[in-house]
Amino acid sequence: MPSYQDILPQVYEILRQFTPEGKSPTEDMELVADLGLASMQVMELLLEIEDQFDVSVPLNILPDVKTVKDLVTQLEHITSQP
Amino acid sequence: MAIFEKFRELAAARQTLMESSMDPFNVVIEQILSATEAIVGGRRTILAGTNNYLGLTFDPRCIDAASQAVQEEGTGTTGSRMANGSFAGHVALERELADFYGMATGIVFSTGYLANLGILSTLPGKNDVILLDADCHASIYDGCKLGDAEVIRFRHNDPADLEKRLQRLGDRTTRTLIIVEGIYSMLGDRAPLAPIAAIKKQYGAFLLVDEAHSLGVLGKHGRGLAEEAGVEEHVDFIVGTFSKSLGATGGFCLSRRHELELLRYASRPYVFTASPSPSVIASTRMALHILRTSPDLQTRLWDNARHLYKELQSLGFTLGPEPSPVVATILPKKEQAVALWNGLLKAGIYVNLILPPAAPNGASLLRCSVSAAHTEEQISKICQAFASLKPSP
């Protein structure tokens with residue numbers, strides 16, 4: 001079961017596919033407002049994350065995900081489920 | 001005003017678009033002439049973006065049925081069926097649709113959008129799971145959002161990805177509703193329904209197929225993709241619309257299970273909406289009868305669709321993955337799509353412009369929808385206009 005600190009760098013790596021060159025994500029950055037992801041891109045991001053961690057991420061988490069930190073916290077919770 | 005602040009970016013994007021174009025999302029049809037022609041911007045224009053697949057909007061039999069219903073039953077129902085009662089036509093149409101599909105029962109909704117809202121907000125509950133194809137229509141997403149089920153996407157038209165997600169659900173698969181579409185509205189591609197139905201059966205899940213764009217278009221009898229793929233017995237719910245092949249407005253859901261009837265008491269988008277007007281029901285019933293008895297309409301539709309797809313392909317346009325009555329031209333740059341859309345309209349051709357993020361994979365699309373009512377000459381004119389306006393690489 002990966003920890004927050006295990007998940008974070010992997011999410012950074014996946015996020016780089018979606019963010020403009022030279023823009024490095026940080027934990028407090030908002031996916032839409034700061035990293036410029038459109039709503040459809042956020043859902044595409046989830047598909048990539050699902051493959052990486054071999055989990056299914058329900059769309060129901062999205063209202064609680066604004067920042068990179070929110071996303072990683074949700075993933076930590078999901079990957080800890082039996 | 002503060003309440004409009006959140007639309008600031010949208011307003012800027014709209015402003016930029018309007019500097020080089022008329023508003024592609026608010027086109028005024030000044031006069032409608034037929035199922036395939038209208039006056040737009042003072043110009044006679046071929047309609048190639050109205051989903052009027054069988055061209056029945058001007059069929060004299062449908063018009064007569066609607067006119068008679070207005071004379072005999074009035075202009076509207078003035079309320080919901082729960083409050084005001086059902087007209088005999090509502091009930092008859094539900095029976096005819098269920099009979100057409102060989103289903104136990106069916107519910108008519110006031111629009112196709114409301115059909116998905118009505119079913120998906122209500123049927124799958126708190127402990128249930130929805131697995132939906134990533135390219136599903138906004139009405140499916142919105143219905144899911146209104147409900148309490150856990151919602152998981154799978155990669156578009158990828159049965160292996162669907163199965164992977166089912167495996168992760170363990171014993172929850174029997175509480176899972178899989179949702180796919182017969183024909184996807186953006187690129188015109190079909191769901192790989194035979195393998196999806198096999199997976200559904202293997203895991204004991206439920207399957208809902210939205211046949212909005214495939215009713216009257218696919219299958220020997222026009223029932224849609226499930227009929228064409230030979231898997232109707234594995235489909236638990238069919239959702240569809242009257243606003244495409246049936247030439248009116250409204251939607252429906254059919255099921256093998258009589259329990260669907262219970263949604264009449266629980267589905268807010270059914271309970272709290274005015275029911276379809278008598279004229280709409282009457283023309284839809286007539287259109288369904290025509291669809292069932294005139295297979296030549298489907299033949300003409302497909303002749304036109306293949307003609308347009310083949311011509312645009314030979315012109316070098318990048319198209320959706322397979323010929324279908326939805327012929328989508330994919331353009332890498334938004335500006336190219338906007339310019340081509342404007343050029344086509346000036347040449348008297350109306351198609352749909354789809355800009356990111358509405359289209360899959362961040363693309364821009366010019367989406368044509370072909371009709372059985374298009375003449376060969378009209379299809380040729382559409383092709384000529386595309387040829388003369390093709391953007392340089």
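Every chain is numbered from 1 and lettered A, B, ... according to where its sequence line falls, protein lines coming before strand lines.
- Of the charged side-chain nitrogens involved, none lies within less than 4.0 Å of a carboxylate oxygen, so that Lys164(B) and Asp54(A) do not count as a salt-bridged pair.
- Residue Ala358(B) does not touch chain A at all, counting heavy-atom pairs closer than 4.5 Å.
- Counting heavy-atom neighbours within 6.0 Å of Asp64(A) CG, excluding the residue itself, gives a total above 12.
- Note: Val151(B) leads Val129(B), Ile152(B), Val151(B) in heavy-atom pairs under 4.5 Å with chain A.
- A salt bridge links Arg153(B) with Glu44(A): at least one charged nitrogen is closer than 4.0 Å to a carboxylate oxygen.
- Between Glu50(A) and Asp161(B) there is no side-chain heavy-atom pair separated by less than 4.5 Å.
- More than 12 heavy atoms of other residues, nucleotides or ligands shown are found within 6.0 angstrom of CD on Gln17(A).
- More than 12 heavy atoms of other residues, nucleotides or ligands lie within 6.0 Å of OH in Tyr270(B), so this atom counts as buried by the packing criterion.
- Other residues, nucleotides and ligands contribute at most 12 non-hydrogen atoms within 6.0 Å of the CZ atom of Arg268(B).
- The local environment of CZ in Phe25(B) is crowded, with over 12 non-hydrogen atoms from other residues, nucleotides or ligands closer than 6.0 Å.
- Environment of CZ in Arg14(B): sparse, with no more than 12 heavy atoms of neighbouring residues, nucleotides or ligands closer than 6.0 Å.
- Considering Leu59(A), Asn60(A), Ile61(A) in turn, Asn60(A) is the only one that fulfils the side chain to side chain contact (heavy atoms under 4.5 Å, CB included) rule with Glu150(B).
- Looking only at atom types and distance, the side chain of Arg165(B) has no donor-acceptor partner in the side chain of Ser56(A) under 3.5 Å away.
- Going from atom CZ of Arg155(B) over to atom CG of Asp51(A) covers 4.5 Å, rounded to the nearest 0.5 Å.
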